[in-house]
Amino acid sequence: MSEDVEHRVALVTGATSGIGLAIAKRLAAAGLTVAVNGLETAEEAQAIVHEIGGAGGRAEYFPGDLADDAQSHGLARAVIDRFGALDVLVNNAGIQKVAAVEELAPQDWRRIVAVSLDSAYHTIRAALPAMKRKGWGRIINVASAHGLRASPYKSAYVATKHGVVGLTRTVALEVAETGITVNAICPGYVWTPLVAAQVADQARVHKMSEEEVIRTVMLAPQPTKRFVQPEEIAEMAFYLTGEMARSITGATISIDGGWTAK
Ligand code: NAD
């Protein structure tokens, strides 16, 4: 079913920073109503939500800790209750922890899996009935190059992102005839506040200049030797919401500077 973009409603989880913020802005600029989720209080998120809404469309804040099953399910339900629809679901929130597997605390494992993988299961479950009623929907899961490849000391993150890819493929098959597409974007290293904050620390630990640490440590697996920008991910997410992307489903779309070509 075709419908004006202005009547579409999107939920972007983890939309107060980095990749999620760029996706929220891109969808708002296209005229969508965007439900912005994050961990901040409504007051803390006010300026960010104003910035997203300023790009166009309409933006409203929906706080919620996605480490909590009930809050994840409740988030998607709250968006449907508020706007009467949830057409574009972007599961973006994610965290990670770098540690050898035997040193990774069970609570860190649990939280990493819960925030990205469990929450995607819950939001998808809550969103699908509304999408099916319309005969149209877009589910975009922000996975990672680590959904396709492993790196040491990231067991929970790599397992989670592989799980997100498996969930994406399975749900895509289940809803293939309903007008709903389900895809995973798999970024390599993206220049976000999270990554930027690591540069100085890494340079200090490795006793290298910041340029050297970026090139030889952080971007070692990324053949282009440059960070992906959040706007590049956002543009792909926006493309996937369009009619010309209706045959793209169950896909893993790598935006990783050639990382997974190896
Ligand atoms: P970021 O830290 O800049 O943003 C993460 C967002 O998730 C924030 O808005 C934060 O509030 C939210 N969040 C964290 N825990 C949450 C929780 N419990 N409940 C609700 N919201 C929560 O990170 P980013 O770099 O923009 O990463 C976004 C996504 O992209 C993640 O899933 C990450 O794994 C993935 N990714 C990032 C990179 C990269 O290099 N930056 C590469 C591949 C994949």
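Numbering of ligands and ligand atoms starts at 1, following listing order.
Residues that satisfy the ring pair (Phe, Tyr, Trp, His ring centres under 6.0 Å) test with W191, not counting sequence neighbours, are F227.
When the options S17, G14, S116, G20 are ranked by their closest heavy atom to atom 1 (P) of ligand 1, first place goes to S17. Among L66, V90, V12, the residue whose heavy atom lies nearest to atom 19 (N) of ligand 1 is L66. Checking A15, A143, A45, G94 against atom 44 (C) of ligand 1, the nearest heavy atom belongs to A143. If you check each of L39, L21, N92, V142 against atom 32 (O) of ligand 1, the one with the closest non-hydrogen atom is N92. Nearest residue to atom 42 (C) of ligand 1 from S144, G147, A93, G188 is G188 (criterion: closest heavy atom).
Seen from the ring of W136, R246 does not count as a face-on cation partner, given the 6.0 Å and 45° thresholds.
Taking Ile, Leu, Val, Met, Phe, Trp and Tyr as hydrophobic and joining them when side-chain heavy atoms fall under 4.5 Å apart, one finds V98 in a cluster with Y153.
Applying the 4.0 Å criterion to heavy atoms of G18 picks out, from ligand 1, the atoms 3 (O), 26 (O). Ligand 1 places these atoms under 4.0 Å from at least one heavy atom of Y189: 40 (O). Under a 4.0 Å criterion applied to the non-hydrogen atoms of N37, ligand 1 contributes the atoms 20 (C), 21 (N). Which parts of ligand 1 touch R111 is read off a 4.0 Å heavy-atom cut-off, strictly below it: atoms 18 (N). Those atoms of ligand 1 with a heavy atom of V195 less than 4.0 angstrom away are 40 (O), 41 (N). Interface atoms of ligand 1 facing A67, defined by a heavy-atom separation under 4.0 Å, are 18 (N).
Checking T13, N141, N91 one by one against T123, the side chain to side chain donor-acceptor pair (under 3.5 Å) holds for a single residue, N91.
With hydrogens and angles disregarded, no donor-acceptor distance shorter than 3.5 Å links the side chain of K25 to the backbone of G20. The backbone N or O of R226 lies less than 3.5 Å from a partner atom in the side chain of Q222, making a donor-acceptor pair. A donor-acceptor distance shorter than 3.5 angstrom exists from the side chain of Y61 to the backbone of E40, with no hydrogens or angles considered. Judged by distance alone, the side chain of D256 and the main-chain N or O of A145 form no donor-acceptor pair under 3.5 Å.
Nearest non-hydrogen protein atom to atom 20 (C) of ligand 1 is G64 O, 3.2 Å. The protein heavy atom nearest to atom 14 (C) of ligand 1 is I95 CG2, 3.8 Å. Shortest contact from atom 43 (C) of ligand 1 to any protein heavy atom: P187 O, 3.3 Å. Nearest non-hydrogen protein atom to atom 11 (O) of ligand 1 is T16 OG1, 3.4 Å. If you check which protein heavy atom lies closest to atom 23 (O) of ligand 1, you get L194 CD2, 4.1 Å. Shortest contact from atom 40 (O) of ligand 1 to any protein heavy atom: V190 N, 2.7 Å. Atom 18 (N) of ligand 1 has D65 OD1, 2.8 Å as its closest protein atom, hydrogens excluded (heavy atom only). Counting only heavy atoms of the protein, atom 37 (C) of ligand 1 lies nearest to I19 CD1, 3.6 Å.
Other residues, nucleotides and ligands contribute only 12 or fewer heavy atoms inside 6.0 Å of the CD atom of Q46. The number of heavy atoms from other shown groups lying within 6.0 Å of NZ (K207) does not exceed 12. Other residues, nucleotides and ligands contribute at most 12 non-hydrogen atoms within 6.0 Å of the NE2 atom of H50. In the displayed structure, Q107 atom CD is contacted under 6.0 Å by more than 12 heavy atoms of other residues, nucleotides or ligands.
Residue contact check for ligand 1: H146 places no non-hydrogen atom closer than 4.0 Å to it. A heavy-atom separation below 4.0 Å is found between K161 and ligand 1.
With a 4.0 Å heavy-atom cut-off, ligand 1 is reached by no atom of V228.
Residue Y157 has at least one nitrogen or oxygen atom sitting less than 3.5 Å from a nitrogen or oxygen atom of ligand 1, judged on distance alone.
Under 4.0 Å is where a charged nitrogen must lie from a carboxylate oxygen, and between E235 and R26 at least one such pair does.
With rounding to the nearest 0.5 angstrom, the OG1 atom of T160 is 12.5 Å from the NZ atom of K154.
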